[in-house]
Undergrad: 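Once you've had a glance at the structure underneath, I'll fire off some questions.
All chains are named by letter (A, B, ...) in the order of the sequence lines, taking the proteins before the strands, and each is independently numbered beginning at 1.
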2 protein chains.
Amino acid sequence: MSLTREKIIELGESFILTKGYNAFSYQDISRELGMKNAAIHYYFPSKANLGTSIVRTNIQRFEEMVENMETRGFSEWQQLESFVKVYIKSNREGKLCLLGSLGPDFATLHENTQKELKKMTDIILNWLTGLLSAGRNNTVFSFHGDAHHYAVRFLSDLVASLQLSRVVSSMDYKAYCNTLLEGLKP
Amino acid sequence: MSLTREKIIELGESFILTKGYNAFSYQDISRELGMKNAAIHYYFPSKANLGTSIVRTNIQRFEEMVENMETRGFSEWQQLESFVKVYIKSNREGKLCLLGSLGPDFATLHENTQKELKKMTDIILNWLTGLLSAGRNNTVFSFHGDAHHYAVRFLSDLVASLQLSRVVSSMDYKAYCNTLLEGLKP
DNA sequence: TTTGAAACCTACCTATTAGTAAGTATGTTT
DNA sequence: AAACATACTTACTAATAGGTAGGTTTCAAA
């Protein structure tokens, strides 16, 4: 794997999470790397290509995290807490999550990027649904109704509140997340 | 008030809610209106100006809705239901809400637009907090914890689920909203 | 009948965008 | 030593972006 390639993906993701997909350019990346525009095209022929690669990297990262938590024998509660911590970190860095950032721009994305984004969301939601379901069976969590419905709601809470914390000045994101977790306690 | 001006605002808003702020252009609007690019600049000197005006229009619309509901003596439950219906309509039209659309692009917006967007969010959240609080006192609603916290969560649920319904194919937005309302029943 | 504002259009400008073709330096393999 | 791939740069293109100066039509008021 090329180091420059990894840096481009990292920078691209960072720009998407702060400026949005349609507001960042190859120049933004090349400038930051001290390279020329064409160098970025060498690694990623098109912006759609880069976008898709960024989503793929995120899927991979998520799957590695889940795998890691399972091999370390994390409880359902610990797993959910770790997931929430990723969002708290994003908020601290003034970033959104990829879903909350690319979701609103969905219509402007390349077909492949759309596909990959859908895949990522499915993977996250399926994992979350399974986690909530299993956790309820083990009396680790307590909530009403369908687990999938609750998973969508929980994810919505995390995604949108990241956005709101930018717009609402008086928002304590960490406290908000803790309230979310508290609501799941039996 | 100029009819063309109103059409521009309406179209601009529609583009923001479907393509996003940074993906739509003056050409998109002028093309739709059968006019030239410069005609749009005649009404709105800059894109930032147009953006700010669109947010202002939304604030006005929201305040008129609230006023209308109060004069008609809507109960807290009816008011919340009406608010949710606006979101259901947006979803049916394949649109986001202005907050969910401009929020992720916040960093790229003009200072004035940011200010107005913050104002809009504050107005909505304050209204929602008051509504939830009053509704709980009247035993119309039932929820735990701070009313403002719950208002943020409820708004997050509406905003992000609109985004998710684009990405997740198998989502029944209306049913989801009903679940949200059900969760508030005593 | 002239004046003047409202509502545009014509014609342009500069900056930036994603993207490409061709070249070059630096190694690495054969 | 020759051939080749990697990792870029130089130099360009076509398209689009937001924006502007100045002209034209239309219609109403003085």
Undergrad: Roughly, in whole Å, what's the span from CD1 in Ile29(B) to C1' in dT16(D)?
TA: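 In whole Å, dT16(D) C1' lies 16 Å from Ile29(B) CD1.
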Undergrad: Taking ring-ring contact (aromatic ring centres under 6.0 Å, His included) as the definition, give me every residue that meets it alongside His41(A), ordered by chain and number, with sequence neighbours left out.
TA: Tyr26(A)
Undergrad: Checking Lys95(A) against Tyr87(A): charged group under 6.0 Å from the ring centre and within 45 degrees of the axis?
TA: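 Judged by the rule (NZ or CZ under 6.0 Å from the ring centre, within 45° of its axis), Lys95(A) is not positioned above Tyr87(A).
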Undergrad: What are the residues of residues 105-114 of chain B, sorted by number, that bring a heavy atom to within less than 4.0 Å of DNA chain C?
TA: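 None, since no heavy atom is under 4.0 Å.
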Undergrad: For Lys119(A), enumerate each residue passing the salt bridge (charged side-chain N to carboxylate O under 4.0 Å, His left out) test, keeping only those at least two apart in sequence or located in another chain.
TA: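 Salt bridge (charged side-chain N to carboxylate O under 4.0 Å, His left out) check on Lys119(A) returns Glu116(A).
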Undergrad: Between Lys185(A) and Glu182(A), does any side-chain N to carboxylate O distance fall below 4.0 Å?
TA: yes
Undergrad: Could Glu13(A) and Arg61(A) be called an ion pair, given the rule that one side-chain N must be under 4.0 Å from one carboxylate O?
TA: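 Between Arg61(A) and Glu13(A) there is a salt bridge, with a charged N closer than 4.0 Å to a carboxylate O.
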Undergrad: Please indicate whether Glu6(A) has more than 12 foreign heavy atoms, meaning atoms of other residues, nucleotides or ligands, lying under 6.0 Å from its CD.
TA: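 Above 12, so yes.
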Undergrad: Please determine whether a side-chain nitrogen or oxygen atom of Ser25(B) lies at a distance below 4.0 Å from atom OP1 or OP2 of dT16(D).
TA: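 Looking at the OP1 and OP2 atoms of dT16(D), neither is under 4.0 Å from any side-chain N or O of Ser25(B).
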Undergrad: Whole angstrom is fine here: how far is it from CG in Asn22(A) over to C1' in dA17(D)?
TA: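 These atoms are roughly 13 Å apart.
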Undergrad: Do side-chain atoms of Glu70(B) reach the backbone of Glu67(B) as a donor and acceptor pair under 3.5 angstrom?
TA: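 No, because the side chain of Glu70(B) does not come within donor-acceptor range (under 3.5 Å) of the backbone of Glu67(B).
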Undergrad: Is the side chain of Thr113(A) donor-acceptor paired with the backbone N or O of Gly51(A) at a distance under 3.5 Å, no angle test?
TA: no
Undergrad: Would you say the side-chain atoms of Thr52(B) and Asn112(B) include a donor-acceptor pair closer than 3.5 Å?
TA: no
Undergrad: Rounding to an integer number of Å, can you tell me how far Lys47(B) NZ sits from dT20(D) P?
TA: 15 Å
Undergrad: Give one of base, sugar-phosphate or nothing for Phe24(A), where a contact means two heavy atoms less than 4.0 Å apart.
TA: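 Counting heavy atoms under 4.0 Å across all strands, the contact made by Phe24(A) is with sugar-phosphate only.
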Undergrad: Looking at Phe143(A), is Arg136(A) sitting on its ring face, NZ or CZ under 6.0 Å from the six-membered ring centre and within 45 degrees of the normal?
TA: yes
Undergrad: Would you tell me whether Ser165(A) and Asn91(A) have side-chain atoms, one donor and one acceptor, within less than 3.5 Å of each other?
TA: yes
Undergrad: 5' to 3' on DNA chain C, which nucleotides open and close the contacts with chain B (atom under 4.0 Å from a heavy atom)?
TA: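 For DNA chain C, the relevant span reads dA6(C) to dT10(C).
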Undergrad: Heavy atom of residues 32-41 of chain A under 4.0 Å from DNA chain D: which residues?
TA: Met35(A), Lys36(A), Ala38(A), Ala39(A)
Undergrad: Does anything in residues 4-16 of chain A come within less than 4.0 Å of DNA chain C? Heavy atoms only, and list the residues if so.
TA: none
Undergrad: On the ring face of Phe106(B), is Lys118(B) found with NZ or CZ under 6.0 Å from the centre and within 45° of the axis?
TA: no
Undergrad: Check the orientation of Phe62(B) and Phe83(B). Use parallel for under 30°, tilted for 30 to 60°, and perpendicular for over 60°.
TA: perpendicular
Undergrad: Tell me the interatomic distance from Tyr42(B), atom OH, to dT26(D), atom P, rounded to whole angstroms.
TA: 16 Å
